[in-house]
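Computed over heavy atoms, backbone and side chain alike; hydrogens, waters and symmetry mates excluded. Remember, predicted model here, so these are calculated numbers, not experimental data.
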Amino acid sequence: MTKIRTYDTTLRDGEQCEGVSLSLEDKLKVVARLDEFGIDVIEGGFPASNPKDIAFFKRVAKMDLAHARIAAFGKTCKKDIPAEQDPGLSDLLASGAPVVTIVGKAWDAQVTCALLTTQDENLRMIRDSVAYLKAAGREVVFDAEHFFDGFAANPSYALACIRAAHEAGADSIDLCETNGGWLPFQVDEVVRRVVGAFPGQAFGIHCHDDAGCAVANALAAVHAGVVQVQGTCNGIGERVGNTDLLTVIADLELKMGLEAVGAQRLEELTSVSVFMAEVTGVALSPHHPYSGASAFAHKGGLHASAIARFPQAYEHADPAKVGNSARMVVSELAGKASLVQKAKLLGFDLEDAGVDLQEVLDDIKAREAAGYTYEMADGSLALLIMRHLGVYRPAFTLESFRVIVDDREDTGALAKDAASEAVIKIHVGDQRFVATGEGAGPVGALDAALRTAITASYPEVARLELVDYNVRLPDESQGTDALTRVTITTADELGSFGTVGVSENVIEASWNALVESIEYGLMRTNKVNASSGRGGDA
């Protein structure tokens, strides 16, 4: 089976989607999930362009990745500057990334109007940059920007740009349909000509979706001979978006008989899609191909009755192969098998315990309808399962809390002199504790107060660190009256985990997520004795 290399650019091109801004912890979680899914190359961003990306490359270098290779993205050397003296290329090498992707112009009009240089100098920039990075021992991907528009305007020069990268030793030359306006039959024709002109050279494709053809164009390019597909998870990106890499992967495997991640990993596609929607904050349409909640849903009576006898009548593919399921009613759950498997990963055997699986599923479904999501909240899901097992014991109980935000006269819109103070009253066993905490924000103040109150009873709380905090509005149409969902990521010596809280009040939602993060964190340490009334072991 022919292997098509998958190249994910969610952390770079995807983050250019309006409204998307990923924290460092978000980016590292994405890397871990995509590596687990079997993505071949994960593009991390621009080294040295900002403090977050600098920290990203330092942190990701310490991750024990099983499959994926990290790519650093940059540009060819600047005009009139030797490649070995170009600071941008030096930053790419300093990142330590094993794969380096550089973008260069392949449209003569872009060369003269955007770069303000000559066509020959642009060819020199491409050739020298690729050769310099190859000599440094890196795998080099050359992104031929605006290639298709450049080929239409001046095919001989567009091909000259490809030849420069080819002769310099580029491992893959990826043809970029940058403006997103081409159609599949046009892409197929051009790619065939290019691939035929450079036998033995590996080519890739990078498309945008402005005309609604990004996935189709990527598949057409594969049909014409490319062996690498660039895209973003769920197709997020600038303007209309990029090629949806997850849809392409499913099409390659199920429709074209090619290998992208393999049949076993393909079953994780829906969970990856939902995970990426949550971490990026871009809602996944229920009608999204393959992974949407309604992708295999059947509402009409005629369809429902036919599906029961002959699923292929109204399903183009087996939903189980992408981790989804056929539904007669709308549901966000994959079913009992998924619940049993997930519970085992969290340390619970629901079948041996004799738990009513449908009852647990109904509980999760009701909570999801109320705004919860457990895709990124393993801690909260574990506590929910423990409640159904009858082994959950609260580590503490709340009597009340109060948060005060104090802000003095500001000097402008960017002033950051507000401070928060929290007072909480809680009970641990038969003891009552009152504590205060301060922080830059109300959540930080609550966290500080809670830790002060319980440290004497649970000194292991010092091992828990709140590393990320996200707020989502499941229904933005309600404005300031909308339900608020808060997810908190907490880290300990075992790794990181998420918890979720939901309320119309953002502080209450935050408190609920914070409490569950502390309770689950304590349980992970196996220090909480169930018989003491303080909690239960996970």
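A donor-acceptor pair is defined here as one N or O able to donate and one able to accept, closer than 3.5 Å; such a pair exists between the side chain of Asp35 and the backbone of Ala68. With hydrogens and angles disregarded, no donor-acceptor distance shorter than 3.5 Å links the side chain of Asp209 to the backbone of Thr243. Judged by distance alone, the side chain of Thr232 and the main-chain N or O of Ile236 form a donor-acceptor pair under 3.5 Å. Between the side chain of Ser271 and the backbone N or O of Glu268 there is at least one donor-acceptor pair closer than 3.5 Å.
Residues Asn470 and Val486 form no side-chain contact, since every pair of their non-hydrogen atoms from C-beta on lies 4.5 Å or further apart. Under the 4.5 Å side-chain criterion, counting only non-hydrogen atoms from C-beta, Thr499 is not in contact with Leu514. Contact annotation: the side chain of Val322 approaches that of Leu254 to within less than 4.5 Å [non-hydrogen atoms, C-beta and beyond]. Side-chain contact check for Thr487 versus Arg472: every heavy-atom pair is 4.5 Å or farther apart. Residues Asp13 and His206 meet the side-chain proximity criterion, which asks for heavy atoms closer than 4.5 Å. At a threshold of 4.5 Å between non-hydrogen side-chain atoms, the residues Leu11 and Asp26 do not count as touching. With contacts defined as side-chain heavy-atom distances shorter than 4.5 Å, the pair Asp492/Glu460 does not qualify. Side-chain contact between Glu359 and Asp363: absent, with no pair of heavy atoms (C-beta onward) separated by less than 4.5 Å.
When every heavy atom of Leu269 is checked against every heavy atom of Leu246, the shortest pair comes out as CD1-O, 3.2 Å. Closest non-hydrogen pair, Thr247 versus Pro289, comes out as OG1-CB, 4.0 Å. Nearest heavy-atom pair, Phe57 versus Pro47, reported as atom, atom and distance to 0.1 Å: CE1-CG, 3.7 Å. The shortest non-hydrogen separation linking Arg12 to Glu43 is NE-OE1, 2.7 Å. Looking at every heavy atom in both residues, Ala422 comes nearest to Val403 through CB-CG2, 4.2 Å. Looking at every heavy atom in both residues, Asn217 comes nearest to Cys207 through CB-SG, 3.7 Å.
The pair Asp40-Arg69 fails the salt-bridge criterion, with no side-chain N (NZ, NE, NH1 or NH2) lying under 4.0 Å from an Asp/Glu carboxylate O. The residues Arg485 and Glu278 are annotated as salt-bridged, a charged nitrogen and a carboxylate oxygen being separated by less than 4.0 angstrom. A salt bridge is defined here as a Lys NZ or Arg NE, NH1 or NH2 lying under 4.0 Å from an Asp or Glu carboxylate O, and Lys3 with Glu259 fails to meet this definition. The pair Lys321-Asp318 does not count as a salt bridge, with every side-chain nitrogen at least 4.0 angstrom from each carboxylate oxygen. Between Lys52 and Glu15 there is a salt bridge, since a side-chain N of the basic residue sits under 4.0 Å from a carboxylate O of the acidic one. Salt-bridge annotation for Arg524 and Glu493: absent, with no side-chain N of the basic residue lying under 4.0 Å from a carboxylate O of the acidic one. Under the 4.0 Å criterion applied to side-chain N and carboxylate O atoms, Glu368 and Lys365 are not assigned as salt-bridge partners.
Atoms OG1 and CD, from Thr490 and Glu516 in turn, are 11.0 Å apart once rounded to the nearest 0.5 Å. For the atom pair Leu245 CG and Met276 CE, the distance stands at 10.0 Å (nearest 0.5 Å). To the nearest 0.5 Å, the span separating NZ on Lys27 from CG on Leu24 amounts to 8.0 Å. Here OG1 of Thr489 is found 11.0 Å from CG of Leu28. Values are rounded to the nearest 0.5 Å. For the atom pair CD1 of Ile42 and CG of Leu65, the computed distance is 6.5 Å after rounding to the nearest 0.5 Å. Between Leu252 atom CG and Thr6 atom OG1 the span is 9.5 Å, to the nearest 0.5 Å.
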Discussion item. Set out, in order, the CA-CA distance, both residues' side-chain angles and the distance that settles side chain to side chain contact (heavy atoms under 4.5 Å, CB included) for Arg367 and Thr373, then state yes or no.
Written reply: CA-CA 8 Å; Arg367 289 170 177 268; Thr373 179; over 6 Å; no

Worksheet item: Could you walk me through whether Asp8 and Thr10 pass the side-chain hydrogen bond (donor to acceptor under 3.5 Å, both in side chains) check?
Response: CA-CA 6 Å; Asp8 181 86; Thr10 304; 2.8 Å; yes

Practice prompt. Walk me through it: do Glu519 and Leu522 pass the test side chain to side chain contact (heavy atoms under 4.5 Å, CB included)?
Written response: CA-CA 5 Å; Glu519 288 199 320; Leu522 293 174; 5.7 Å; no

Worksheet item: Would Asp468 and Lys29 count as a side chain to side chain contact (heavy atoms under 4.5 Å, CB included) if you check the C-alpha gap in whole Å, the side-chain angles of each, and the deciding distance to 0.1 Å?
Response: CA-CA 11 Å; Asp468 200 13; Lys29 284 187 289 187; 4.0 Å; yes

Item to complete: Take Ser510 and Val506, measure what side chain to side chain contact (heavy atoms under 4.5 Å, CB included) needs, and give me the verdict at the end.
Response: CA-CA 6 Å; Ser510 302; Val506 66; 4.2 Å; yes

Would you mind writing out the side-chain donor-acceptor pairs for residues 423-439 within the sub-3.5 Å range, not counting sequence neighbours?
residue: His427; atom: NE2; partner: Glu399; partner atom: OE1; Å: 3.0
residue: Arg432; atom: NE; partner: Glu399; partner atom: OE1; Å: 2.8
residue: Arg432; atom: NH2; partner: Glu399; partner atom: OE2; Å: 3.1

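Judged purely by distance below 3.5 Å, without hydrogens or angles, the side chains of His388 and Asp356 never pair a donor atom with an acceptor atom. Asn512 and Glu508 share no side-chain donor-acceptor pair at under 3.5 Å. For the residue pair Ser273 and Asn234, a side-chain donor N or O sits within less than 3.5 Å of a side-chain acceptor on the partner.
The aromatic rings of Phe401 and Trp511 are tilted relative to each other, their planes meeting at an angle between 30° and 60°. Between Tyr372 and Tyr374, the ring-plane angle classifies as parallel under the 30° and 60° cut-offs.
In this structure, Arg387 satisfies the cation-pi test against Tyr392, with its NZ or CZ atom closer than 6.0 Å to the six-membered ring centre and inside 45 degrees of the ring normal.
Checked against a 6.0 Å centroid threshold, the rings of Tyr290 and His316 count as neighbours.
Applying the salt bridge (charged side-chain N to carboxylate O under 4.0 Å, His left out) test to Arg239 and every residue at least two apart in sequence or in another chain returns Asp210.
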